[in-house]
Amino acid sequence: MDDELDDRLAAVRARVARACSDAGRDPGAVRVLLATKTQDASTIRAALEADARACAADPTLRPVLVGENRVQELVAKAPLLADVTGGIHLIGQLQANKVNAALRWSSCIESVDSIALARRLAERTEGLDVLVQVNVSGEPTKSGTSPEGALPLLEEVAGLGTLCVRGLMTIGLRSDESAAVRAGFDTLRRLRDAGAARGLCGPELSMGMSGDLDLAVAAGATVVRVGTAVFGARRV
Ligand SMILES: *Cc1c(COP(=O)(O)O)cnc(C)c1O
């Protein structure tokens, strides 16, 4: 099992490196985030140990990040992993009644999609890292502000003064048409460029998953969120 995790993680890093080299980007500019939903703490720990071995063998690599979708899973697993993670990103939707629990265990909320949520976070914290989630595909099942709403939301969030908006996040269009998927990632990059130019957000672009990370890296991703490519198909 551990060997398998080593191999799969290496394969993901190789995909990132290839996509970077094709796009003339520095592979050090892209961080891999393990999307650990449904995986138990011991499996996540094994993946982090595999990552530590890889990083020890190649000092140019940066350690993986960890992301959870659901606050219940975050709260259940984060205490068991506190010695091996620098904090866990929340990459799924955050409901108002779960904000306190999320803040206790999350080092970055990647799913800020409304001013109401941003206000709740800002009231309770100082200097919290967040990303603003944008629904670039317009698919109704996906959360995130609309592309048109992204810059106005960034302005409102900046007005709160207490959140550190590190950049933008999206879940790409689910489609076999790579041009259409890529167009969505390009939209996120353009919004990030516009936001950063106005001093409203940092440079991070969290986009790309197991199926489309190559396209996302080509479009400028700085974080790719990978689940099945490392852990195998989810059973639940
Ligand atoms: C599950 C998930 C991922 C990873 O998806 P895979 O296809 O398993 O790589 C990335 N981002 C979010 C928000 C997710 O929920």
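Numbering starts at 1 and runs along the sequence shown. Ligands are counted one by one from 1 in listed order, and the atoms in each one are counted from 1 as well.
- With respect to the salt-bridge test (charged N to carboxylate O, under 4.0 angstrom), the residues Asp186 and Arg182 qualify.
- In summary, the atoms of ligand 1 found under 4.0 Å from a heavy atom of Val226, numbered by their order in the structure, are 9 (O).
- Judged by distance alone, the side chains of Thr141 and Glu139 never bring a donor and an acceptor atom under 3.5 Å apart.
- Near Thr228, meaning under 4.0 Å from one of its heavy atoms, ligand 1 places the atoms 6 (P), 7 (O), 8 (O), 9 (O).
- Criterion: ILVMFWY side-chain heavy atoms under 4.5 Å apart, direct or through other members. Under it, Val230 and Ile91 are not part of a common hydrophobic cluster.
- Considering both main-chain and side-chain atoms, Gly227 comes within under 3.5 Å of ligand 1 through a nitrogen or oxygen pair.
- The residue among Lys37, Glu68, Gln133 with a heavy atom at the shortest distance from atom 14 (C) of ligand 1 is Lys37.
- Glu155 and Arg198 are joined by a salt bridge, as a carboxylate oxygen and a charged side-chain nitrogen come within less than 4.0 angstrom of each other.
- Between atom 6 (P) of ligand 1 and the options Ala35, Gly232, Ser210, the minimum heavy-atom separation is to Ser210.
- Set against the non-hydrogen atoms of Ile171, the atoms of ligand 1 under 4.0 Å away are 13 (C).
- Contact annotation for Asn69 and ligand 1: only side-chain heavy atoms (C-beta onward) come within less than 4.0 Å of the ligand.
- At a threshold of 4.5 Å between non-hydrogen side-chain atoms, the residues Ile44 and Leu34 do not count as touching.
- Atoms of ligand 1 found under 4.0 Å from any heavy atom of Arg225 (numbered from 1 in listed order, with element): 4 (C), 9 (O), 10 (C), 11 (N), 12 (C), 13 (C).
- Under the 4.0 Å criterion applied to side-chain N and carboxylate O atoms, Glu49 and Arg53 are not assigned as salt-bridge partners.
- In the hydrophobic cluster analysis, where Ile, Leu, Val, Met, Phe, Trp and Tyr join through side-chain heavy atoms closer than 4.5 angstrom, Met209 is grouped apart from Leu213.
- Looking at Val223, Ile91, Leu33, Leu34, it is Ile91 that brings a heavy atom closest to atom 13 (C) of ligand 1.
- Of the protein's non-hydrogen atoms, the one nearest atom 10 (C) of ligand 1 is Met209 SD, 3.1 Å.
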